[in-house]
Amino acid sequence: MRSFLKIVVFSVTAAASISFRAYPQSGTPPVTFKNKAKSAGVDNFGLGRAAGMIDLDGDGLLDLICADSVMNNVFYRQTSGHSFSYANQTWNYAVDNRHTYGVLAADFDNDGDNDVLFINGGFHSVEKCQFLRNDINSNGILTDISAATGDLCGLSASGVGGTVVDYDLDGDLDIFISHAMIGSAMQTCNLYRNNGGLTFSDVAPAAGITQLGDFRFCGSGDINNDGFTELGASNTKGENIVYKNNGIGGFSEVATAIGVTSPNSTYNFGIVFEDFDNDGWMDIYVAKHYPLPLGTSELFKNNGNGTFTNVSAASGIGTHTDMGHNTGDLDGDGYPDIFIGTGSPHANGEDWARLYMITPSAAGGFTATDVSSASGIWVEGKTHSHGSAFGDYNNDGFLDMYMNNGGPESNPPTMQENNFLWQNQGNQNSWIEMDLVGVISNRSAVGARSVAITSTGRSVYRYLAAGKGFSNTDSPTQHFGVGMETAMDRIEIAWPSGIRQIVLNPTLKTHFKAVETGLRMLGDATLGSLVTVQGCGASSYVTELYASVGLTWEPFPTFGGIKQIADPIFPVASFSLDSLGMGGFSFTIPSDPQLLGVKFYVQSWTHLANAPSGGSLSNIIEIEIH
């Protein structure tokens with residue numbers, strides 16, 4: 001690096017800049033479902049609340065979790081042939097009859113497997129949450145460590161909703177929980193900071209999370225594209241709240257300021273952040289509990305300038321008894337759709353579920369097409385449907401839905417119902433699926449944002465969330481439906497760490513894993529200072545560093561990415577990545593005044609040792625000496 005710096009006497013500031021637009025496709029094939037719950041062994045009969053669909057035992061197959069209010073929560077392990085076995089005893093999960101409403105599953109200790117948090121309390125009780133550390137691969141069980149988690153399971157509360165975030169970008173997953181009223185007393189939400197070692201501290205007051213309400217379900221997402229995650233919670237006794245992440249460990253409540261309000265503000269039952277039109281900006285769906293006289297559920301379009309527009313009236317979203325709700329691209333056209341579980345006890349006991357296909361409208365809003373009957377989800381009749389977890393459990397490239405059904409716990413004998421496993425029958429649309437593994441970022445890659453760009457320039461955006469809708473955990477596999485597209489140009493991944501990674505020319509109708517691979521700089525590039533170029537990727541891989549004073553944009557399929565530094569390039573150093581996938585190269589910038597203002601760029605190639613090709617080209621880092 002020192003010899004390279006001696007010859008760098010000029011800088012290049014031009015960089016490649018490519019923009020893409022999203023657009024609708026006509027003639028979208030239909031989507032239909034068949035209920036496979038009974039034949040698959042997962043038609044649990046209970047008072048269903050939240051649902052989870054995630055791999056717990058590390059075999060590559062999605063397992064199922066049922067939160068079941070005052071009945072016993074249930075685990076199902078997927079086995080061969082896409083059937084399931086009851087796993088409570090297998091994984092040593094004991095009977096627990098607390099009021100469980102939410103289920104969050106993610107790798108909270110960054111050890112490579114998914115832990116489980118049950119959110120307890122709900123509308124009618126004050127209870128402690130339950131945390132299960134995943135020890136299945138070491139001793140075959142889920143270990144209840146609730147008593148050792150600090151504030152997370154040490155505080156009794158009326159927990160309803162939950163979502164997982166790394167709000168401070170320290171690489172550990174934090175937890176946001178929304179609470180219902182206790183008697184006549186309004187409650188605040190909690191933000192539990194992960195201290196490491198699976199202990200958590202409530203930092204809500206210090207972080208500015210102080211608003212009171214009778215909250216239901218919550219959500220998270222980066223609505224202003226600044227790399228920091230915002231939080232939202234629905235309020236049945238007033239306006240919803242949206243907390244803007246200020247990027248310094250604190251939040252500001254901005255719902256009114258950004259336009260996410262409603263004249264019918266009561267009986268809000270959920271808030272979901274989702275990019276419904278693939279324009280690169282996350283929109284908002286608000287679920288409403290009662291159909292009349294309080295109006296429809298709502299869709300808010302992100303204007304891309306820090307504000308939102310309510311486009312519900314022209315969308316056709318309709319009026320229903322929204323309780324359970326979730327979003328995902330069920331028909332593979334690239335646009336996320338909305339499932340609504342109509343769980344109200346006031347709608348003659350039961351009501352019809354709803355399924356809306358969402359597409360951009362010609363007027364700049366959204367069109368919600370009701371396919372509830374045509375999709376087949378009405379063949380089982382009316383029901384109370386609360387939790388709904390989405391994921392491709394049978395690996396055919398189309399998202400399936402697991403419905404956790406059941407009514408109010410106040411009358412268990414008459415409100416118990418069987419669950420549904422809605423298997424997507426697929427259509428002619430193309431797709432690609434990607435599993436993300438963080439290295440510098442949190443291992444679960446929660447908060448990562450990806451865009452799949454087709455050969456025609458169409459962009460399909462996805463944001464990895466854990467804890468969505470009725471406090472569900474969806475499969476973390478990133479699913480990109482691309483309609484009738486025939487080839488993929490690349491997938492770009494924005495990791496929470498700030499690393500930007502490109503996967504070049506992935507093959508449609510395949511499922512692959514992307515390990516966080518790239519570079520970042522540590523230190524300040526001043527004369528005489530020590531600077532470290534930190535690299536990450538798959539463990540035991542080798543990283544080779546190269547530098548240049550110019551930029552380019554050249555696809556290099558042989559080396560797995562885009563060459564972004566222009567010839568001539570200069571080899572700098574190489575290092576092996578350790579068992580955690582980390583490595584780096586440190587150097588001291590010479591105390592030479594001639595180097596002031598010099599700018600250069602570093603890119604790496606990370607690959608298997610002794611491999612002549614393959615691997616991955618990294619993002620570039622810019623170093624300007626001052």
Side-chain angles (χ1 to χ4, degrees), residues 12-23 278 280 334 430-437 439 448-462 478 480-495 497-520 533 535-538 541-572 574 600-608 610-622:
V12 176
T13 60
S17 177
I18 300 177
S19 62
F20 296 88
R21 63 185 179 89
Y23 54 90
N278 281 319
S430 289
W431 52 271
I432 195 166
E433 294 180 334
M434 176 176 66
D435 289 324
L436 297 177
V437 180
V439 178
R449 189 168 180 214
S450 306
V451 54
I453 302 168
T454 71
S455 59
T456 65
R458 185 186 183 195
S459 300
V460 177
Y461 290 87
R462 292 293 176 260
Q478 298 297 272
F480 302 89
V482 293
M484 297 298 184
E485 299 286 338
T486 59
M488 190 70 68
D489 183 79
R490 66 188 186 274
I491 295 178
E492 298 183 3
I493 307 164
W495 296 90
S497 65
I499 285 174
R500 301 295 188 264
Q501 183 174 347
I502 294 174
V503 178
L504 192 63
N505 303 136
T507 303
L508 286 176
K509 297 186 177 181
T510 61
H511 186 132
F512 70 96
K513 180 171 71 173
V515 177
E516 182 178 15
T517 304
L519 301 176
R520 67 177 182 177
V533 177
C536 66
Y541 273 47
V542 172
T543 292
E544 299 181 21
L545 297 180
Y546 297 90
S548 171
V549 295
L551 294 173
T552 186
W553 185 270
E554 302 175 46
F556 262 56
T558 302
F559 297 97
I562 304 291
K563 178 175 176 286
Q564 298 178 62
I565 55 174
D567 294 331
I569 62 174
F570 302 87
V572 174
S574 67
F600 62 97
Y601 307 92
V602 178
Q603 188 175 17
S604 68
W605 176 42
T606 298
H607 57 93
L608 284 168
N610 303 316
S613 62
S616 178
L617 288 173
S618 75
N619 59 302
I620 58 170
I621 55 174
E622 176 186 294

Working for side-chain contact (heavy atoms from CB on, under 4.5 Å), residues Leu436 and Ser450 | CA-CA 10 Å; Leu436 297 177; Ser450 306; 4.1 Å; yes
Between Val503 and Ile493, is a side-chain contact (heavy atoms from CB on, under 4.5 Å) present by the stated rule, with each step listed?
-> CA-CA 8 Å; Val503 178; Ile493 307 164; 4.2 Å; yes
Glu485/Ser430 under side-chain contact (heavy atoms from CB on, under 4.5 Å): CA gap, chis, key distance, verdict | CA-CA 7 Å; Glu485 299 286 338; Ser430 289; 5.6 Å; no
Hey, mind stepping through Ile499 and Val439 against side-chain contact (heavy atoms from CB on, under 4.5 Å) and telling me if it holds?
-> CA-CA 11 Å; Ile499 285 174; Val439 178; over 6 Å; no
Show me, pair by pair, the donor-acceptor contacts under 3.5 angstrom made by side chains of residues 506-515, not counting sequence neighbours?
from: Thr510; atom 1: OG1; to: Thr507; atom 2: O; distance (Å): 2.5
from: His511; atom 1: ND1; to: Glu433; atom 2: OE1; distance (Å): 3.1
from: His511; atom 1: NE2; to: Asp435; atom 2: OD2; distance (Å): 2.8

List, one per line, each side-chain donor-acceptor pair under 3.5 Å for residues 610-617, sequence neighbours excluded.
none

Throw together a table of side-chain donor-acceptor distances under 3.5 angstrom for residues 561-569, partners on residues two or more places apart or in other chains.
from: Lys563; atom 1: NZ; to: Ile565; atom 2: O; distance (Å): 2.7
from: Lys563; atom 1: NZ; to: Asp567; atom 2: OD1; distance (Å): 3.3

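Residues passing the side chain to side chain contact (heavy atoms under 4.5 Å, CB included) test with Ser604 are Leu519, Thr543, Leu545, Thr606, Ser618, sequence neighbours excluded. For Gln501, the side-chain hydrogen bond (donor to acceptor under 3.5 Å, both in side chains) partners at least two apart in sequence or on another chain are Trp495. Listed by chain and residue number, Trp605 satisfy the ring-ring contact (aromatic ring centres under 6.0 Å, His included) test with Phe559 (two or more places apart in sequence, or in another chain). Partners of Tyr546 by side-chain hydrogen bond (donor to acceptor under 3.5 Å, both in side chains), not counting sequence neighbours, listed by chain and number: Glu544.
Across Arg458 and Gly483, no two heavy atoms sit closer than the pair NH1-N, 4.1 Å. The two atoms that bring Val460 and Gly334 nearest to each other are CG1-O, 3.7 Å, heavy atoms only. Considering every non-hydrogen atom in both Arg520 and Ser497, the closest pair reads NH1-O, 4.3 Å. Listed here is the closest heavy atom pair of Ser459 and Asn278: O-CB, 3.6 Å.
Of the possible polar contacts, none joining the Arg490 side chain to the Met488 backbone as a donor-acceptor pair under 3.5 Å is found. Looking at Asn505, its side chain does come within 3.5 Å of a backbone N or O of Asp489 through a donor-acceptor pair.
Using a 4.5 Å heavy-atom threshold, the side chains of Val572 and Val533 count as separate. Within the 4.5 Å cutoff, no side-chain heavy atoms of Tyr541 are placed close to those of Thr517.
Summarising the geometry, atom CD belonging to Glu492 is positioned 8.0 Å from atom OH belonging to Tyr461; distances are rounded to the nearest 0.5 Å.
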